[in-house]
There are 2 protein chains.
Amino acid sequence: MREFMNVAKAVADESRVRILMVLDAGELCACQIQEMLELAPSTVSKHLALLYQARLVDYRKEGRWIFYRLPSPEPGWEFVQQTLEWLRQTLAWDATIMADREKLKQIRSCFVQA
Amino acid sequence: MREFMNVAKAVADESRVRILMVLDAGELCACQIQEMLELAPSTVSKHLALLYQARLVDYRKEGRWIFYRLPSPEPGWEFVQQTLEWLRQTLAWDATIMADREKLKQIRSCFVQA
DNA sequence: TTTATGTTTTGCCCATTAACGAAACAACGA
DNA sequence: TCGTTGTTTCGTTAATGGGCAAAACATAAA
C-alpha cells in the first residue's frame with residue numbers, strides 16, 4: 001500500500017504529470033524540463049526527486065547534464081507501467097499535454113550537447 | 001486536465017482508496033464505511049463528498065441511510081472506469097485492502113435495515 | 001586554478017487539506 | 001409532537017506540500 005500511495009501522490013500534481021507525459025516522447029535533461037514548465041530549477045528538481053522515489057522516472061548522468069526518462073519495465077513493479085499506461089490513455093489528447101509537446105519541439109531544437 | 005487532476009487527487013489519500021476498494025464488493029451506507037475506517041463521521045462524509053465530486057462514487061438515499069457505490073460506466077467518462085480498474089489491478093492483493101474486506105464481513109452481518 | 005554551467009539541497013513562506021467536535025439538517029419512530 | 005438516529009456543514013487546528021531564493025555541489029571549460 002505504501003508503494004501505491006507514493007505513486008498515487010506523485011501523480012496528484014499537475015507539474016509532475018506533465019513531466020511524465022513529456023518524457024513519454026524520450027529522455028530530457030533537467031534544464032529542458034525546467035524550461036518547459038517555466039518553474040524554478042529547485043522546484044523542478046524536487047518534483048523529479050519525488051518521481052524517482054516513486055520509481056516513475058529513471059535518470060543517467062552525462063557530463064554536466066542529468067537526463068531523465070521513464071523507467072523500463074521491471075519484474076515486481078508492473079504497477080508502475082500500469083500507472084504510466086493509465087496516464088497515456090487518459091491524457092493522450094489533453095490540451096495542456098499537447099501544448100507541452102509542441103513547446104518541447106522548440107526546446108529540443110535549441111539544445112546542443114558539448 | 002482539471003477532471004483528471006480531480007480524480008488523481010481523490011485517489012492520493014489512503015482512506016479514500018480504501019473506500020473505493022471496499023465499495024468494489026457492493027454498496028454500503030456511510031455509517032458502515034465510518035465503522036470500517038474508524039474515523040469521525042464528519043471526516044468520512046468529507047471524503048465521500050470529494051469522491052462524488054470526482055465522479056468516483058455515486059449514491060442513493062433510502063430512509064435514513066445514504067448508500068454509496070461505485071458508478072456505472074458513463075459515456076464520456078471512460079477514464080473513471082479506467083482509474084477504478086487500475087486500482088483493482090494494483091491493490092487486489094494488498095494487505096490493508098484484504099483486512100478491510102475481512103472486517104467488512106462483520107460489519108455487514110450486524111447491519112439491519114428497518 | 002578559476003570561472004561558468006547544470007543540478008540539488010536547504011530554509012522559508014503560503015496555500016491546501018485531513019482531522020476533529022459541535023451544530024445543523026433529514027427522516028423515521030414513539 | 002418530541003426524541004433518536006444517520007448524515008452533512010461549519011469552524012478550528014495541525015500537518016503536508018508546492019513555490020522560490022540562496023547556498024552548496026558537480027563537472028567541464030578557460
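Within a 6.0 Å radius of CZ in B/Phe79, other residues, nucleotides and ligands contribute more than 12 heavy atoms. Counted within 6.0 Å of CD on B/Gln106, heavy atoms from surrounding residues, nucleotides or ligands total 12 or fewer; the atom is thus considered open.
For the pair B/Glu3 and B/Arg55, the salt-bridge criterion is not met [side-chain N within less than 4.0 Å of a carboxylate O]. Ion pairing between a basic and an acidic side chain is recognised when a charged N comes within 4.0 Å of a carboxylate O; B/Lys103 and B/Glu35 show no such pairing. Look at B/Arg16 and B/Glu14 and you find no salt bridge, because none of the NZ, NE, NH1 or NH2 atoms lies under 4.0 Å from a carboxylate O.
Rounded to whole angstrom, the span from the CH2 atom of A/Trp65 across to the P atom of C/dT8 amounts to 14 Å. Look at CD on B/Glu35: it is 15 Å from P on D/dT5, rounded to the nearest Å. Rounded to whole angstrom, the span from the CZ atom of A/Phe67 across to the C1' atom of D/dT27 amounts to 14 Å. If you measure from atom CD of A/Gln34 to atom P of D/dC20, you get 11 Å, rounded to the nearest angstrom. Between B/Arg64 atom CZ and C/dA27 atom P the separation is 12 Å, expressed in whole Å. For the pair A/Tyr59 OH and C/dT7 P, the interatomic distance rounds to 13 Å; values are reported in whole Å. If you take CD of B/Gln32 and P of D/dG6, they are 11 Å apart, rounded to a whole angstrom. If you measure from atom OH of A/Tyr52 to atom P of C/dT9, you get 12 Å, rounded to the nearest angstrom.
The backbone N or O of B/Glu78 lies less than 3.5 Å from no partner atom in the side chain of B/Gln81, so there is not a single donor-acceptor pair. Counting only distance, with no hydrogens or angles, the side chain of B/Asp58 and the backbone of B/Arg69 share no donor-acceptor pair below 3.5 Å.
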So which protein nitrogen or oxygen atoms get under 3.5 Å of nucleotides 14-16 of chain C's nitrogens or oxygens?
none

Listed pairs, N/O of protein and of nucleotides 17-20 of chain C, under 3.5 Å:
{"residue": "C/dA18", "atom": "OP1", "partner": "B/Arg16", "partner atom": "NH2", "Å": "3.0"}
{"residue": "C/dA18", "atom": "OP2", "partner": "B/Arg16", "partner atom": "NH1", "Å": "3.3"}
{"residue": "C/dA19", "atom": "OP2", "partner": "B/His47", "partner atom": "NE2", "Å": "2.5"}
{"residue": "C/dA19", "atom": "N6", "partner": "B/Lys46", "partner atom": "NZ", "Å": "3.0"}
{"residue": "C/dC20", "atom": "OP2", "partner": "B/Ala40", "partner atom": "N", "Å": "3.0"}
{"residue": "C/dC20", "atom": "OP2", "partner": "B/Thr43", "partner atom": "OG1", "Å": "2.7"}

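Residue A/Tyr68 places at least one side-chain N or O closer than 4.0 Å to OP1 or OP2 of C/dT8.
Closest non-hydrogen pair, A/Met21 versus A/Arg101, comes out as O-NH1, 4.4 Å.
Aromatic ring orientation, B/Trp86 versus A/Trp86: parallel (interplanar angle below 30°, classes split at 30° and 60°).
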